[in-house]
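All heavy atoms count here, side chains included; hydrogens, waters and symmetry mates do not.
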Amino acid sequence: MRPRELIPVPTVNAPIMAAVDGSEHALDGVRWAARAAARTHRPLHLVSVVDRPAFQFGEGIVTAQAFADASRALADGALDVARSVVSEVATDVETSGEIVVGRPALVLRDLTSRAHMMVLGRRGLGGVAGLLLGSVSTYVSSHASCPVVVVSEDPPTGGPVVVGVDGSPVSQAATEVAFAQASGLGVGLIAVHTYGGYTGVQTFDVVQQGRQRIVDEARAGLGSRLAGCLSDYPDVNVQTVVTIEEPAAQIIEAASLAQLIVLGSRGHGGFRTLLLGSTSQAVLQVAHCPVMIVPG
């Protein structure tokens, strides 16, 4: 199978992209992406990635070609099913699709440079083989040029948006995206900030200096970080959670009734290990709702 050139995608109104592989998990992502595209008036671009077969000699060439043909047929079928799903949940969304030959993680990473958002199912099979946390979705989330949404099975369609805030530039970018998402969805926002991870803020400091003063300073810092977004999105009702407890657990607890969690791809302070290996990885693994990872 010869690699196909990627279909040119407009950059002015960049599409929301969704990975398709024929699995129900991927279709959960397609449904989420279709609703997001309808809400933001953006086109939806469906992508099925077919891994390139290993080079063969002699009779192996026939086997490799048969594998390539079967993979292409499965990808075509997966795109047809995905298009029908889109038509059921968002009839007015402009939808396109393509099959790309290559390594799924690398293809999807490269496509994020031309996307407004990339949406992945939590697990996958077939054309996006290995699309479960720890491989493709983690890699794409770590190296993407646009926000990446990992959609849980049967995601909720109601509830607030939750965002982790730690004061880093990437966290600020995630906060701005979270406000935009909450505003577009017409729901409230819960901002979670943990201060226990900052350098110098240890249990001894809490005891010696007084817990309330540290909490007050953390609340004041969080308020200043939210101020600009509160001004830009006056329609969004904001609740704050300020705590010394472990970040991932607090985010999950705050998101018990949420429909979306938004995190920066990297962070510091309370989220200093938020490099898709600790806090964000833990949240991605157990969150009952979609998780959006926002790059810096």
Side-chain angles (χ1 to χ4, degrees), residues 1-10 13-53 62-132 135-137 139-140 144 146-155 157 290:
M1 179 187 297
R2 295 180 57 190
R4 295 179 54 195
E5 293 185 0
L6 298 181
I7 296 175
V9 177
N13 190 32
I16 291 175
M17 295 189 182
V20 174
D21 68 359
S23 70
E24 189 58 39
H25 290 283
L27 292 180
D28 284 330
V30 168
R31 293 183 184 93
W32 194 96
R35 294 187 179 101
R39 189 170 63 250
T40 57
H41 307 290
R42 289 182 177 274
L44 175 63
H45 192 60
L46 306 172
V47 182
S48 187
V49 185
V50 177
D51 213 341
R52 185 180 289 104
V62 177
T63 302
Q65 185 59 49
F67 171 82
D69 292 342
S71 298
R72 176 57 184 267
L74 289 172
D76 278 329
L79 284 176
D80 288 341
V81 172
R83 289 189 186 96
S84 67
V85 166
V86 173
S87 67
E88 293 172 1
V89 299
T91 56
D92 296 330
V93 170
E94 176 187 343
T95 306
S96 58
E98 66 176 318
I99 299 171
V100 185
V101 178
R103 297 292 298 275
L106 299 180
V107 169
L108 295 174
R109 178 204 64 187
D110 291 345
L111 283 171
T112 64
S113 66
R114 300 187 289 125
H116 174 70
M117 181 188 301
M118 175 66 74
V119 182
L120 309 174
R122 179 162 287 179
R123 293 176 175 81
L125 49 81
V128 193
L131 186 58
L132 72 164
S135 58
V136 175
S137 58
Y139 181 85
V140 176
C146 71
V148 174
V149 182
V150 178
V151 178
S152 56
E153 184 178 3
D154 193 20
T157 56

What's the separation between atom OG1 in Thr95 and atom CZ in Arg83, rounded to the nearest 0.5 Å? 8.5 Å
Hey, what do you get for CG (Asp21) to CG (Leu27), rounding to the nearest 0.5 Å? 8.0 Å
Heavy-atom nearest pair, Ala36 first then Thr40, reads O-OG1, 2.7 Å
CD on Glu94 to NE2 on His41, rounded to 0.5 Å: 13.5 Å
Would you check if the side chain of Arg42 reaches a backbone N or O of Ala14 as a donor-acceptor pair within less than 3.5 Å? yes
Heavy-atom pair of closest approach, residues Ala34 and Ala90: O-CB, 3.7 Å
Distance in Å, Met17 CE paired with His45 NE2, rounded so as to fall on 0.5 Å steps: 5.0 Å
Quick check: does any side chain N or O of Ser48 sit under 3.5 Å from a backbone N or O of Val20, one acting as donor and the other as acceptor? yes
OG1-CG distance between Thr112 and Leu108, expressed to the nearest 0.5 angstrom: 8.5 Å
Give the minimum heavy-atom separation between Ile16 and Ala37, together with the two atoms involved. CD1-N, 3.5 Å
Quick check: closest heavy atoms across Arg109 and Val140, and the distance to 0.1 Å? N-CG2, 4.2 Å
Between Val151 and Asp28, which heavy-atom pair has the shortest distance, and what is it? CG1-O, 3.8 Å
Mind checking the SG-CE spacing from Cys146 to Met118? Nearest 0.5 Å is all I need. 6.0 Å
Could you walk me through whether Val49 and Asp51 pass the side-chain contact (heavy atoms from CB on, under 4.5 Å) test, one step at a time? CA-CA 6 Å; Val49 185; Asp51 213 341; over 6 Å; no
Which heavy atom of Ser84 sits nearest to which heavy atom of Val81, and what is that distance? OG-O, 2.6 Å
